[in-house]
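A short worksheet on the structure shown next.
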Amino acid sequence: MTKVNLEDLVSLCKRRGFIYQGSELYGGLSGTWDWGPLGLSLKRNLTNLWWQKFVEEPDNMYGIESSILMNAKIWQASGHESTFHDPVIEDVKTKQHYRLDHLLADNKVDPKGMSLEDMANKIKELKIKSPDGNELGNPSRAGQMFKTNVGSVEDESSLTYLRPETAQGMFVNFRNIVDSYYPDIPFGIAQVGRNFRNEISPRDFIFRSREFEIMELEYFIDPSNWEADFDNLRLKMREWFEKTLGLSKENIKEVEIDKSDRAHYSDRTIDFNYKFPGREDELAGLAYRSDFDLSNHQKHSGKNLEYAEKGSNRKFLPHVIEPTFGLERHVLAVLTEYYKEDEINGEKRTYLALPANLAPVKVAVFPLLKNKPELVKYAHDVYGTLKQKVGLAMWDDNGNIGKRYRRQDEIGTPYCVTVDFQSLEDKTVTLRNRDTTEQKRMTVNEVLAELGKS
RNA sequence: GCGGGAUUCGUAUAGUGGUUCGUAUGCCAACCUUCCAAGUUGGAGAGACCGGUUCGAUUCCGGUAUCCCGCACCA
């Protein structure tokens, strides 16, 4: 198995036009990434596959797209306004920052519900020192939500945030979906969207950035049998990783999150970790959120969010199971999984063994020789036909045939079609397979059939 | 955010207080080439940014930005 290191991936992504550093021309902006044509194509293919599997295939899923700017009250109700601003305190000597609430918890004080001042006072009162044994200074909050103002006046009343998660968009539309469709429980609301978090230190290429996309599902259930629903979703997620994306079992690890690390309202949370280059970390998660979100919104909005069961008098707040998928992390996982090296005639070859439904370019077409107009002309015709039918096709007549194959290998194009002299006589072309490098001679129609299979 | 290191053509690198910043590869063009990075010729392309020292700075110094490694943070 080929071992990948992150630098090789970053270099390939930049060189071949997958992913660039954000604002690069002006020295960059930490934690932002710009997607080039191939990266975007890969990302969209991935999103489409996800949408197909989790939204279109089942018949109880409702896809939505909620706005990034939302009423600030939503972030109060969800608890983000308080918990997404981590309280920290400074060691006056080392200038290190420590989590204020964690220090208190370590000293057997429950920080829940305490204001920043209360917590700081408690530190003074108990004469708590930093882990290095130094005095602690002023408390502050490490803000994780991007603030902005809606309207022309910039004051408290116009303040809101760029959403730090997509989930609330689904919860606040729960009633809309019920009113429009009145689906039977269980049903799900799904969306793919951008999120913004002012991370302290974005790291590891696109793994942790300040602006990122999440593919997410809120599955509304009857709480009486949540374990079964949870397990079904867990299996479905495994199917997605292993069957749809073809990620190998050894690279995916399910991790049960301990009660102490779980949100207090959750009875079960699983992380799906992937073996990224140099580290194993979270790719997706599955959390049982109980009725935490709906009951909070019911309380804060004052609106009744109960679901009235059909054919009975029962009314209840559905519980929620939430599968979450980091889109950029999926791109990184897929690149990691399919980055391969082998040898052809003693020369190293780098290629992306991407499944055809993920590959940014499905097929490339070349004339065997560039300086023979009749070859070029016919190859152009073939290219035109394929492009019309397949869409994601690429033309290349640069250098020699070997170079073109290698170039396509590196961006993961599964098939290359070459027009040679025999093509002019019998209208056949060669179809070259990326992974085996084998070639088969066939007509253009047969090529289309072959492409249609994958 | 803290500590350490780094930043030179797209990529990977070399070297230098003073003439035109070298190389490989990639890229572009021409020629050549009848299937896996062949060859020839030509071409474009670089010292992150802002200051300071100096007659002169890509080189030395400071700041900023970004990246990498640790810590911390996040999930």
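A, B, ... follow the sequence lines: proteins, then strands. Residue 1 opens every chain. Worth knowing before you read on, the calculation uses all heavy atoms, side chains too, and leaves out hydrogens, waters and symmetry mates.
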(message) Does B:C67 have OP1 or OP2 under 4.0 Å away from a side-chain N or O of A:Ser30?
(response) yes
(request) Give me the one residue out of A:Arg194, A:Arg163, A:Arg197 that meets salt bridge (charged side-chain N to carboxylate O under 4.0 Å, His left out) with A:Glu211. (result) A:Arg194
(message) I need the CD-C1' distance between A:Glu24 and B:U11, as an integer number of Å.
(response) 12 Å
(request) Might you work through the side-chain hydrogen bond (donor to acceptor under 3.5 Å, both in side chains) test for A:Ser11 and A:Asp8, ending with a clear yes or no? (result) CA-CA 5 Å; A:Ser11 172; A:Asp8 290 341; over 6 Å; no
(message) If you assign A:Ser11 and A:Leu25 each to the RNA chain B nucleotide with the nearest heavy atom, which residue ends up on the more 5' nucleotide?
(response) A:Ser11
(request) Determine the interatomic distance between P on B:G62 and the same-named atom on B:U23; round to the nearest Å. (result) 33 Å
(request) Using the closest heavy atom to pick a nucleotide of RNA chain B for each, name whichever of A:Ile257 or A:Leu369 lands nearer the 5' end. (result) A:Leu369
(request) Nearest whole angstrom, please: distance from the C1' of B:U11 to the CG of A:Asp8. (result) 11 Å
(request) Could you check how far CG of A:Leu424 sits from C1' of B:U34, rounded to whole Å? (result) 11 Å
(request) Please report, rounded to the nearest Å, how far the P atom of B:A75 is from the CE atom of A:Met145. (result) 12 Å
(message) The criterion is salt bridge (charged side-chain N to carboxylate O under 4.0 Å, His left out); which residues satisfy it with A:Arg238, sequence neighbours excluded?
(response) A:Glu242, A:Glu254
(message) Please tell me if A:Lys14 has a side-chain N or O lying less than 4.0 Å from either OP1 or OP2 of B:G10.
(response) no
(message) As a test of the definition: with a 90° window around 0 for syn, would you call B:G47 syn or anti?
(response) syn
(message) Once side-chain contact (heavy atoms from CB on, under 4.5 Å) is applied, do any residues pair with A:Asp281, and if so which ones, sequence neighbours excluded?
(response) A:Phe207, A:Phe276, A:Arg279
(request) Report the distance from atom CG of A:Asn5 to atom P of B:A12, rounded to the nearest whole Å. (result) 12 Å
(request) Compare every heavy atom of A:Gly285 with every heavy atom of A:Met237, then report the nearest pair and how far apart it is. (result) CE-O, 3.4 Å
(message) I'd like the P distance from B:U13 over to B:A72, given in whole Å.
(response) 30 Å
(message) Once you measure the plane-to-plane angle for A:His330 and A:Trp240, does it fall in the parallel (<30°), tilted (30-60°) or perpendicular (>60°) bin?
(response) tilted
(message) Ignoring hydrogens, what is the shortest heavy-atom contact between A:Leu12 and A:Phe18? Give both atom names and the distance.
(response) CD2-CE1, 4.2 Å
(request) Mind listing the closest non-hydrogen atom pair of A:Ala167 and A:Glu322 along with its distance? (result) CB-OE2, 3.4 Å
(message) Among B:U34, B:G10, B:C67, which nucleotide has an atom closest to any side-chain atom of A:Phe421?
(response) B:U34
(request) For B:U53 versus B:G17, give the span between their C1' atoms, rounded off to a whole number of Å. (result) 12 Å
(message) Rounding to an integer number of angstrom, what distance separates B:C9 and B:C21 when you compare their C1' atoms?
(response) 10 Å
(message) Between C1' on B:C9 and CZ on A:Arg15, what's the gap in Å once rounded to a whole number?
(response) 15 Å
(request) Sticking with atom P, work out how far B:G3 lies from B:G47, rounded to a whole angstrom. (result) 30 Å
(message) With rounding to the closest Å, how many angstrom separate the C1' atoms on B:A6 and B:A75?
(response) 29 Å
(request) Spell out protein contact along nucleotides 35-40 of chain B as letters: B when the base is contacted, S when just the sugar-phosphate is, - when no protein heavy atom is under 4.0 Å; keep the 5' to 3' order. (result) BBBB--
Dump the pairs, protein N or O against N or O of nucleotides 29-31 of chain B, anything under 3.5 Å, distances to one decimal.
none

(request) May I have the step-by-step check of side-chain contact (heavy atoms from CB on, under 4.5 Å) for A:Thr436 and A:Asn433, ending in yes or no? (result) CA-CA 6 Å; A:Thr436 62; A:Asn433 179 295; 3.3 Å; yes
(message) Give me the distance, rounded to whole Å, that separates B:U11 from B:A37 when you measure between the C1' atoms they each carry.
(response) 15 Å
(message) Counting runs of three or more consecutive pairs, Watson-Crick or G-U wobble, with each distance below 3.5 Å, where are the stems of RNA chain B?
(response) B:1-7 with B:65-71, B:10-13 with B:22-25, B:27-31 with B:39-43, B:48-52 with B:60-64
(request) Let me know which of A:Ile401, A:Val429, A:Val365 forms a side chain to side chain contact (heavy atoms under 4.5 Å, CB included) with A:Thr418. (result) A:Ile401
(request) Answer yes or no: is there a side-chain heavy-atom contact under 4.5 Å between A:Glu282 and A:Tyr274? (result) no
(request) Could you measure between the two C1' atoms, the one in B:G63 and the one in B:U25, and give it in whole Å? (result) 36 Å
Taking only distance into account, with no hydrogens and no angle test, what donor-acceptor pairs under 3.5 Å do side-chain atoms of residues 367-382 of chain A form with protein atoms, sequence neighbours excluded?
none

(request) Send over the distance from A:Ile19 CD1 to B:C67 P, rounded to a whole Å. (result) 14 Å
(message) If I take atom OH in residue A:Tyr274 and atom P in nucleotide B:A75, what distance separates them, rounded to the nearest angstrom?
(response) 24 Å
(request) Please check if atom CD in A:Glu280 has more than 12 non-hydrogen atoms from other residues, nucleotides or ligands closer than 6.0 Å. (result) yes
